[in-house]
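In what follows, a structure is listed as structure tokens, so that the remarks can point back to it.
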Amino acid sequence: MLNWREADFTSYTSTVALSAEEEEQRQKEAMQTARKLVAELGGQLGHTPTCCVVTFGCQMNARDSEKILGILMDAGYQESDSEEADFVIYNTCTVRDNANQRVYGRLGHLNSMKKKNPQKRIALCGCMIQEPDVIEKIRTSYRFVDLLFGTHNLYKFPELLCTMLQNDRMVIDVWKATDAIVEDLPVVRKYPFKSGVNIMFGCDNYCTYCIVPYVRGRERSRSSKEILQEVERLAKDGVVEVMLLGQNVNSYGNGIEGEISFPELLKEVEQVEGIRRIRFMTSHPKDLSDELIAVMRDSEKICRHLHLPVQSGSSEVLRKMNRRYTREQYLELVAKLRREIPDLSITTDIIVGFPGETKEDLEQTITLVKEVGYDNAFTFIYSPRTGTPAASYEKTMSDDEISQGFERLLTVVQDKARESVSRLYGRVEEALVEEVNSHDAALVTGRLSNNVLVHFPGDASMIGKFYPVKLTENRGFYYIGEMV
Ligand code: SAH
Ligand code: SF4
Ligand code: F3S
């Protein structure tokens, strides 16, 4: 392992030198030092140092941010919503280039704040930082950044925090990969009543457009025992809804001898007292088993929502994307799901402008969207990612054709989503209240099992509780309702 204490260089290692237990002990000691350093900093500043964690990207990053915030609070920082805070951490995403550009755009702004508050510290972590080009760019053009770390060494954050607070030079600690899954980091949950739970990390699917396997590493499943213990702890803590997280939850447990499968894991989570709703994300269509469908169908707690990214409606494009299913197989799967779980809401992700995609291929995506009738679809324009196979494929449609096709697709997606969501009109559904409505304080916002939102009269005391709500007014993608 390279010694990052020297700072101002990038360290790449492929293994963890210490055992998980030794590492945990080491980080506990670092936490004690961090508390002293943060208290000293507070003395210099004349107030409790504040921190602000800004999250880009997916649920995985959101969960990591909760761990980062947990460590910072434990060290004595006070959470702030403002990037004026004494310590700002950007937890970055690199799945498409616009995610990266947003980070670069905002960094300049942080620099001007730092000029006014020289004690201010800035850290960047997450998926972007796993890219060597990005590190090089930040080292040379954004020298005011204090700390860079990647996705594989998050659990070392207490130690990195100490190094940063004791150093004026940029601290960089990025690992290419790790097999270690270190448990037991302090966590501050964004919502007291719901929580994400990582069940696996990384991805082995290598869809040809996607950078995730390169920045998140090989697929690794956590042990079901650890997962269940975490869910039990959360339930004791008042959590009623869990979202099991992984890039491809359907392959949970693969390659671990004696480990249970994802449907079996769901059945176990279902047994945990206090948990009333179970969600999961993301399901790869190629691995969605009949067993999973049966478990969902028979479950009282698994939500009536499935995010099932299709990416394209053309079998030829799907082949080039290395998705390992055809249009027909996907449609058969949807038909089976609709048969077994009639009230299931299905959502998806779609990429437009994949190199090799023609106007005819895009037409097929549009007809597929019409056929499936998604409750919602996230549509993206293809963004070439350095190091992925598709980055070297030849572009087939012009930018104009892509943006026109994208707009057409979007209209179809929205029309179909409105149509699909309108089926709920007049029904009484159970809503879990998540927050007071940000536009109208007389309303609260609740989420239905199928992930649709409903706004209805209420107050903050209802947050985290379930209420039966009549869906009285359809506003397209959400409802206005009243408690019954
Ligand atoms: N593991 C999940 C997806 C994670 S990334 C899955 O396989 O479904 C979330 C979404 O970003 C993907 O579903 C895809 O639609 C989109 N995406 C990924 N790489 C992209 C790229 N290079 N350009 C545009 N969209 C991309
Ligand atoms: Fe990316 Fe494909 Fe893995 Fe999803 S399954 S994270 S799209 S490589
Ligand atoms: Fe983005 Fe990393 Fe998630 S690239 S989508 S934050 S896994």
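Counting convention: from 1, in listed order, for ligands and their atoms alike.
Protein heavy atom at the shortest distance from atom 8 (S) of ligand 2 is Cys207 N, 3.4 Å. For atom 1 (Fe) of ligand 2, the closest heavy atom belonging to the protein is Cys210 SG, 2.3 Å. Ranking the protein heavy atoms by distance from atom 3 (Fe) of ligand 2 puts Cys203 SG, 2.3 Å first. Of all protein heavy atoms, the one closest to atom 7 (S) of ligand 3 is Gln247 NE2, 3.4 Å.
Every atom of ligand 3 is numbered from 1 in the order shown, and the set under 4.0 Å from a heavy atom of Cys93 is 1 (Fe), 4 (S), 5 (S), 6 (S). Within the listing of ligand 3, atoms 2 (Fe), 4 (S), 6 (S), 7 (S) sit less than 4.0 angstrom from a heavy atom of Cys127. Near Val212, meaning under 4.0 Å from one of its heavy atoms, ligand 2 places the atoms 6 (S). The atoms of ligand 1 that sit less than 4.0 Å from any heavy atom of Arg385 are 22 (N). When each atom of ligand 1 is checked for a heavy atom of Arg323 under 4.0 Å away, the hits are 7 (O). Below 4.0 Å from some heavy atom of Pro213 lie the following atoms of ligand 2, by number and element: 8 (S). The distance from ligand 2 to the heavy atoms of Arg323 drops below 4.0 Å at these ligand atoms: 2 (Fe), 7 (S).
Remark: distances from the non-hydrogen atoms of Val95 to ligand 1 include one below 4.0 Å. Taking a 4.0 Å cut-off on heavy atoms, Arg216 fails to register as neighbouring ligand 2.
Salt bridge present: Lys416 and Glu419 bring a charged side-chain N and a carboxylate O closer than 4.0 Å. One finds no salt bridge joining Asp415 and Lys370 here, because no Lys/Arg side-chain nitrogen approaches an Asp/Glu carboxylate oxygen to under 4.0 Å. Between Asp64 and Arg216 a salt bridge is recorded (basic side-chain N to carboxylate O distance below 4.0 Å).
Compare Met60, His307, Arg96, Gln59 by their heavy atoms: the one nearest to atom 24 (C) of ligand 1 is in Arg96. By heavy-atom distance, the residue among Met281, Met321, Gln247 lying nearest atom 2 (C) of ligand 1 is Gln247.
Residue Phe280 is tested with Leu245, Ile199, Leu306 for a side chain to side chain contact (heavy atoms under 4.5 Å, CB included); the sole match is Leu306. None of Arg279, Arg189, Arg276 except one satisfies the salt bridge (Lys or Arg N to Asp or Glu O under 4.0 Å) rule with Glu241; the exception is Arg279.
Residue side and main chain included, Cys58 places no N/O/S atom under 2.8 Å of atom 1 (Fe) of ligand 3. Not one N, O or S atom of His284 sits under 2.8 Å from atom 3 (Fe) of ligand 2.
Heavy atoms of Ile211 found under 4.0 angstrom from ligand 1: none, in either backbone or side chain.
On a distance-only criterion, Asn248 and ligand 1 share no N/O pair closer than 3.5 Å. Close N/O approach between Gln311 and ligand 1 is found [any backbone or side-chain N/O within under 3.5 Å].
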Original post:
Could you walk me through whether Tyr214 and Tyr206 pass the ring-ring contact (aromatic ring centres under 6.0 Å, His included) check?
Top reply: CA-CA 9 Å; Tyr214 305 90; Tyr206 292 96; 5.5 Å; yes
**OP:** Please assess Met243 against Gln59 for the test side-chain contact (heavy atoms from CB on, under 4.5 Å), listing each intermediate value before the final yes or no.
**Re:** CA-CA 9 Å; Met243 160 105 70; Gln59 303 279 350; 4.1 Å; yes
